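The structure appears below as structure tokens.
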Amino acid sequence: MSAVQENYKDVEKRVAAACDRAGRSRKEVTLIAVSKTKPVEMVRDLMDIGVKDFGENHAQEVVAKTEAITEPLNWHFIGHLQRNKVKYVVGRACLIHSVSSLRLAEEIQKEALKKNLVMPVLIEVNIADEETKSGISEEEALALVRQASELPNLKIRGLMAIAPPVDDPEENRGYFRQMRELRDTIEAMKLPGVEMTELSMGMTGDFEVAIEEGATMVRVGTAIFGVRNYLV
Ligand SMILES: *Cc1c(COP(=O)(O)O)cnc(C)c1O
């Protein structure tokens, strides 16, 4: 077994254990292997053990990887998306996790209509209100969900957050809980066409706590692929 396969199995065990602790079914959580900056060979290694969900944060890399690997996989777009790059991602990604403005939502709508498909998206919330992060406040998220729910080729599936980097993952528990509460609040609004099923939160440093607090998708890069050579 290769190192990346071993790492994945290790992370998978930790995901399963966190689900157990929280009394949740393992099936409720999708483990996304964040392959950004990592070579196609490593992705293939994981495909060999049945992994289907991968995460990328650059449009160009999604194009390159989907051209190199034509087998059907679930490519999750998790990075900041510029409007002029939307055309590369719609039709390739299974889910865009990072919608944080109406202008971006409208661009996705336009492209999805052109390609005659419905694009599932998550609304990215800047839960810790960090200046360095993209994403919007809880109040803005409510407004955006309302507005974006009227775009017919966009399907809102839930929320996404990037919690702050911390030494102790317990420090982020409150943020994850806040995300779940926000999800429940929006769900209770019963907006037509809005499905608040997904909560994409938790990375290498804190995915277990995120699962305990209700994450349905965790995005794990470093613990699977090793450290990245450059910051992205
Ligand atoms: C890179 C990245 C991850 C993975 O981070 P790790 O700490 O390496 O697990 C998760 N989510 C987003 C949005 C990222 O950009």
Side-chain angles (χ1 to χ4, degrees), residues 3-15 18 29-39 42-43 45-46 51 53-62 64-65 73-82 85-86 88-89 92-101 104 120-136 141 157-173 175-176 179 198-232:
V4 65
Q5 289 174 334
E6 272 176 28
N7 291 344
Y8 184 91
K9 297 214 155 159
D10 198 55
V11 170
E12 168 52 41
K13 273 191 206 139
R14 291 169 57 192
V15 167
V29 180
T30 302
L31 169 55
I32 300 169
V34 177
S35 48
K36 65 188 186 192
T37 81
K38 297 295 179 179
M42 281 181 155
V43 174
D45 253 10
L46 292 182
V51 179
D53 289 275
F54 293 91
E56 291 288 340
N57 70 341
H58 278 125
Q60 296 91 323
E61 208 170 337
V62 173
K65 283 191 171 123
L73 291 174
N74 304 322
W75 292 100
H76 296 258
F77 192 83
I78 62 173
H80 176 68
L81 183 56
Q82 288 165 282
K85 303 282 172 62
V86 163
Y88 301 116
V89 173
R92 286 192 171 89
C94 65
L95 180 66
I96 299 174
H97 291 228
S98 44
V99 173
S100 58
S101 74
L104 176 59
V121 304
L122 306 180
I123 303 299
E124 180 177 351
V125 181
N126 185 351
I127 195 66
D129 208 10
E130 292 172 284
E131 273 176 28
T132 52
K133 293 268 164 67
S134 53
I136 49 182
R157 301 286 320 278
L159 304 174
M160 180 270 219
I162 305 176
V166 286
D167 292 324
D168 177 3
E170 286 299 332
E171 290 175 52
N172 281 338
R173 189 180 289 278
Y175 291 131
F176 295 140
M179 285 293 292
E198 305 296 344
L199 261 186
S200 169
M201 56 190 196
M203 310 177 18
T204 289
D206 55 18
F207 68 88
E208 288 148 306
V209 172
I211 291 170
E212 289 167 12
E213 294 302 329
T216 64
M217 296 180 158
V218 290
R219 311 176 307 263
V220 180
T222 310
I224 297 173
F225 292 96
V227 293
R228 289 176 290 275
N229 296 330
Y230 48 97
L231 280 176
V232 282

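Predicted, not measured: the structure shown is a model, and the values here were computed from it. Start at 1 and go down the list; that is how both ligands and their atoms are numbered.
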When you measure from the side chain of Ser101 to the backbone N and O of Leu104, does any donor-acceptor pair fall under 3.5 Å?
yes

Heavy-atom pair of closest approach, residues Ala141 and Ile123:
CB-CG2, 4.2 Å

Please list, in number order, the atoms of ligand 1 under 4.0 Å from a heavy atom of Arg219.
4 (C), 9 (O), 10 (C), 11 (N), 12 (C), 13 (C)

Answer yes or no: does atom CG of Asp167 have more than 12 heavy-atom neighbours from other residues, nucleotides or ligands under 6.0 Å?
no

For ligand 1, which atoms sit closer than 4.0 Å to a heavy atom of Ile162?
13 (C)

Nitrogen or oxygen atoms of Met160 and ligand 1 under 3.5 Å apart
no

Out of Asp206, Thr204, Asn57, who gets a non-hydrogen atom closest to atom 9 (O) of ligand 1?
Thr204

Contacting atoms of ligand 1, where contact means under 4.0 angstrom from a heavy atom of Thr222
6 (P), 7 (O), 8 (O), 9 (O)

Can you tell me which residue among Thr216, Leu122, Val218 is in a side chain to side chain contact (heavy atoms under 4.5 Å, CB included) with Ser200?
Leu122

With heavy atoms only and a cut-off of under 4.0 Å, state how His97 meets ligand 1: side chain, backbone, both or neither.
neither

Among Tyr8, Phe77, Trp75, which one satisfies ring pair (Phe, Tyr, Trp, His ring centres under 6.0 Å) with Phe54?
Trp75

Against heavy atoms of Val220, which atoms of ligand 1 measure under 4.0 Å?
9 (O)

What I want to find out is whether Glu12 reaches Lys9 closely enough, with some N-O distance under 4.0 Å, to be called a salt bridge.
no

